[in-house]
Amino acid sequence: MGAVLYVVATAIGNLADISSRARQVLAAVDLIACEDTRDSGRLLGALGIKSELIAYHDHNEQVRVERLLAALQAGRSIALISDAGTPLINDPGYVLVRAARAAAIPVVPIPGPCALIAALSAAGLPSDRFLFVGFPPRGHSERRAWLTGLASEPGTLICYESARRAAATLADVAAVLGPRPAVLARELTKRFETFLSDEAGALAARIAADPEQQLGEVVLLIGGDRRSAGARAAAEEDRILALLAAELPLKQAVALTARITGGNRNRLYQTALAARTPTVND
Ligand code: SAM
């Protein structure tokens with residue numbers, strides 16, 4: 001096969017999802033780089049594939065890249081796989097792919113299952129635009145700050161999450177982003193595959209009340225900010241104005257907000273006046 005790095009998607013639970021092209025490539029390459037040689041050994045055993053395995057994971061990525069690159073440069077073919085789904089999607093591989101490309105070694109994707117795409121394809125939320133945001137921070141306050149940074153994203157938000165933390169994360173979604181449609185996609189392609197849809201806060205309560213929904217592997221999807229660009233910009237102007245007006249005289253707060261946001265001074269002034277608590281001098 002020559003010096004080629006294949007990036008091969010396998011399965012996210014159901015082995016029947018592995019494509020015939022993926023099988024052919026895995027059977028033909030000189031070396032398979034995987035996260036866990038025991039896990040992947042079982043997978044390849046089930047497929048009747050005996051190619052040599054080498055561990056490639058977050059902890060040895062830098063060191064292993066040199067060895068894998070040397071093998072590629074010596075003319076060997078390598079398939080990169082991960083424990084589940086598509087390599088590099090919240091999995092190691094980026095460093096190797098970048099190094100192979102920098103060394104002018106062909107990198108060929110063998111596409112297939114990916115949990116976020118499977119979840120989005122069946123969740124019933126807008127799919128024209130979406131943002132994959134990895135795993136949310138585990139700590140409550142870090143997670144709320146992280147969500148604040150995503151508040152004005154218009155696309156559907158997609159994250160991976162531990163089933164145990166899904167209810168807490170959705171409760172934070174409702175608290176920080178307000179009422180948003182949300183979907184829990186659990187155990188995709190497996191026996192207990194489940195989709196639950198509801199408003200984020202209501203969905204959090206349903207999951208918290210049902211221990212079964214707190215098991216397995218989970219993708220969370222949250223409806224994006226569907227306001228128009230103009231409405232989003234006005235809301236951001238108002239937020240900055242309110243912060244400045246709490247500290248500065250009205251005129252100065254309006255002038256500064258207009259300079260920061262490029263917003264219309266008149267509109268800002270009217271907004272500030274309407275929001276101001278009347279004083280005895282009014
Ligand atoms: N590379 C993988 C992919 O292509 O989707 C993702 C790897 S990431 C380290 C593992 C996370 O993906 C899990 O914690 C879970 O959030 C999600 N995941 C993987 N398989 C899943 C499945 N069958 N059902 C739901 N979520 C899954």
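Side chains included, hydrogens not; waters and symmetry mates left out as well; all remaining heavy atoms used. One-based numbering, in listed order, for ligands and for the atoms of each.
Proximity of Ala84 to ligand 1 is established by a heavy-atom distance of less than 4.0 Å.
At a 3.5 angstrom cut-off on N or O pairs, Gly85 does not count as close to ligand 1. At a 3.5 angstrom cut-off on N or O pairs, Gly13 does not count as close to ligand 1. Polar contact with ligand 1: present for Ile89 (N/O pair, distance under 3.5 Å). The distance criterion of under 3.5 Å between nitrogen or oxygen atoms is not met by Arg186 with respect to ligand 1. Considering backbone and side-chain N/O of Asn90, none are found under 3.5 Å from N/O of ligand 1. Taking distance alone, with nitrogen or oxygen atoms compared against 3.5 Å, Val218 approaches ligand 1 more closely than that limit. Any N or O atom pair closer than 3.5 Å counts here, and Asp91 shares at least one such pair with ligand 1.
For ligand 1 and Glu187, the ligand atoms under 4.0 Å from any heavy atom of the residue are 24 (N), 25 (C). For ligand 1, the atoms lying closer than 4.0 Å to a non-hydrogen atom of Lys190 are 23 (N). Listed by atom number, the atoms of ligand 1 under 4.0 Å from Glu161 heavy atoms are 16 (O).
Remark: side-chain polar atoms of Glu35 are not paired, donor with acceptor, to backbone N or O of Tyr56 under 3.5 angstrom. Between the side chain of Glu187 and the backbone N or O of Glu217 there is at least one donor-acceptor pair closer than 3.5 Å. In this structure, Arg64 contributes its side chain and Ala55 its backbone to a donor-acceptor pair below 3.5 Å. In this structure, the side chain of Arg76 does not engage the main chain of Ala71 through any donor-acceptor pair within 3.5 Å. Proximity of a side-chain donor or acceptor of Arg186 to a complementary backbone N or O of Glu212 within less than 3.5 Å is detected. Under the 3.5 Å distance criterion, the side-chain polar atoms of Ser77 are matched with a main-chain donor or acceptor of Asp30. Judged by distance alone, the side chain of Thr86 and the main-chain N or O of Pro113 form a donor-acceptor pair under 3.5 Å.
Taken to the nearest 0.5 Å, the NE2 atom of His57 stands 13.5 Å off from the OG atom of Ser82.
Of the protein's non-hydrogen atoms, the one nearest atom 23 (N) of ligand 1 is Ile12 O, 2.7 Å. In terms of protein heavy-atom proximity, atom 4 (O) of ligand 1 is nearest to Thr86 N, 2.8 Å. With respect to atom 10 (C) of ligand 1, the closest heavy atom belonging to the protein is Phe135 CZ, 4.3 Å. In terms of protein heavy-atom proximity, atom 24 (N) of ligand 1 is closest to Leu188 N, 2.9 Å. With hydrogens left out, the protein atom closest to atom 13 (C) of ligand 1 is Glu217 OE2, 3.7 Å, a heavy atom.
Comment: Arg232 does not engage Glu237 in a salt bridge, judged by the lack of any side-chain N to carboxylate O separation of less than 4.0 angstrom. Using a 4.0 Å cut-off between charged nitrogen and carboxylate oxygen, Lys190 and Glu193 do not count as a salt-bridge pair. Using a 4.0 Å cut-off between a side-chain N of Lys or Arg and a carboxylate O of Asp or Glu, Asp36 and Arg42 do not qualify as a salt bridge.
The nearest non-hydrogen atom to atom 18 (N) of ligand 1, considering only Pro87, Ala118, Ala115, comes from Ala115. Here atom 17 (C) of ligand 1 lies nearest to Tyr160 when heavy atoms of Phe192, Phe132, Tyr160 are compared.
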